[in-house]
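Reviewing the structure listed below.
Remember, it's a predicted structure, so these values are computed and weren't measured experimentally.
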2 protein chains.
Amino acid sequence: MTSASKSPTKAEKSTGQIRLKNQQAILAAAAEEFALHGFKGTSMNSIAQRVGLPKANLHYYFNSKEGLYVEVMRNILDLWDSAFSNLTAEDDPASALAEYIRAKMEFSRRQPQASKIFAMEVISGGECMSEHFNHNYQEWFRGRADVFQAWIDQGKMDPIDPVHLIFLLWGSSQYYADHSSSICRVSGRSRQTKEDFAKATANLTHIILKGCGLTPPSKA
Amino acid sequence: MTSASKSPTKAEKSTGQIRLKNQQAILAAAAEEFALHGFKGTSMNSIAQRVGLPKANLHYYFNSKEGLYVEVMRNILDLWDSAFSNLTAEDDPASALAEYIRAKMEFSRRQPQASKIFAMEVISGGECMSEHFNHNYQEWFRGRADVFQAWIDQGKMDPIDPVHLIFLLWGSSQYYADHSSSICRVSGRSRQTKEDFAKATANLTHIILKGCGLTPPSKA
DNA sequence: GTCTATACGTTGATAGAC
DNA sequence: GTCTATCAACGTATAGAC
């Protein structure tokens, strides 16, 4: 009664659940649009239509288009960081690399939007992500490269520049997300199935492991 | 004297050289902008400013923004088609594959814009290129895949799905063009040098050839 | 919290003087 | 062929009633 707000009349949504729910719905719709047209190419209107809300509501929950975009990117980078377990120099190279390829391909399959938004941002110069790149990313990158270098120093794999190995892992796996429309045209299907990804992963694992001088881990 | 046009008063440019020169300047500027922001994200104004012409001139030479875009894409696809020599089943697999990787990486180095525009178009669904995809591309793709399959049938290389091998060749090489800004941030440089590309090509060639069960061709 | 109406810049495209 | 002036449509963002 004494409450001033109207829609959530009772304390039923007292913790701001509607707010959270709307925010997430907007973020999801924004991700779809940004993945299709990039930052500049996406309009607030198209996002609003996709969520089914007036576009004024978007500005109520997010200050500006750029603010919304940054939030979408932040979610993606969080997702990214949590998706891959850390490699260590003590791991068995073959199984660790195979597991990494599997996880990366699984990410391409389940989060293709994230890959696409990320790719568009990087192609456009990636200014928005400069802060992330200058800290977390470079550090993360060095960590992985050092692990590969340690394996090489221990004579466990061929002397391949770790930096370019990481580029290969990323480039080949993200291709299946970013270029999915092209892949579908070639294969004549409407979308890639789980089995398509399994086959792609198997092929990729075979080539990269063998190409690095590693023998595949036993199934057990 | 009897001529009606004004600027090219004499017959000095009788063959329409100014027209051709302007058209190409516009196309080059348009490619820069489309590579940065995609089709929707690019404005005619930004292109006009880059060429140093009023935007009305762009509409004089090209009917519409879409017409200009299609022309840019056509040029890119022509460039693409002419850049790679045809593989045949009679070739030596190792040297032919190495040569293909070299040519593809050289293309990423010298025509990064083309790769970026192409990538943006594909990420956005690639509707614009449906005609090309439905004819030249599928045919081209089948041709290459058949060559790889022939090599496999002849026992010259590991039984890797040719389709996924092509994806790997494309994905890994285009990564160096599309993600150049990301690569530069990691390496701390402002741009990738010729030597960077040489090293990347060598690593890629090593992994892919060995991964396919091929031994590198002798230098001679 | 929600939504209509609107301010005001930018967009693609054209008309028409030169 | 070139360029200024202009159009209607659409862009982001906000004001203010409910």
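- Contacts between residues 48-67 of chain B and DNA chain D, defined by a heavy-atom separation under 4.0 Å, are made by B:L53, B:P54, B:A56, B:N57, B:Y60, B:Y61.
- Partners of A:E66 by side-chain contact (heavy atoms from CB on, under 4.5 Å), not counting sequence neighbours, listed by chain and number: A:F39, A:S64, A:V70.
- Listed nucleotides: C:dT11, D:dG1, D:dT2. Nearest to the side chain of B:N45: C:dT11.
- Comparing the helix axis at one end of the helix from C:dG1-D:dC18 to C:dC18-D:dG1 with that at the other, each defined from 5 consecutive pairs, gives an inter-axis angle of 10° (nearest 10°).
- Separating the OH atom of A:Y69 from the P atom of D:dG11 is a distance of 18 Å, rounded to the nearest angstrom.
- In summary, the aromatic rings of A:Y176 and B:H164 are positioned with their centroids under 6.0 Å apart.
- Residue pairs that meet the ring pair (Phe, Tyr, Trp, His ring centres under 6.0 Å) test with at least one member in residues 102-121 of chain A, sequence neighbours left out, are A:W80-A:F107, A:W80-A:F118, A:F84-A:F107.
- Between A:D196 and A:R189 there is a salt bridge, since at least one side-chain N of the basic residue sits less than 4.0 Å from a carboxylate O of the acidic one.
- Below 30°, between 30° and 60°, or above 60°: for B:W170 and B:Y137 the angle between ring planes is between 30° and 60°, a tilted geometry.
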Show me the donor-acceptor pairs, under 3.5 Å and distance only, between side chains in residues 200-208 of chain B and residues at least two apart or in other chains.
residue: B:T201; atom: OG1; partner: B:F197; partner atom: O; Å: 2.7
residue: B:N203; atom: OD1; partner: A:D161; partner atom: N; Å: 3.0
residue: B:N203; atom: ND2; partner: B:K199; partner atom: O; Å: 3.1
residue: B:T205; atom: OG1; partner: B:T201; partner atom: O; Å: 2.6
residue: B:H206; atom: NE2; partner: A:D158; partner atom: OD2; Å: 3.0
residue: B:H206; atom: NE2; partner: A:G211; partner atom: O; Å: 3.3

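- Separating the CD atom of A:Q17 from the C1' atom of C:dG1 is a distance of 15 Å, rounded to the nearest angstrom.
- When the salt bridge (charged side-chain N to carboxylate O under 4.0 Å, His left out) test is applied to B:D81, no partner is found at least two apart in sequence or on another chain.
- Aromatic ring orientation, B:Y175 versus B:H179: parallel (interplanar angle below 30°, classes split at 30° and 60°).
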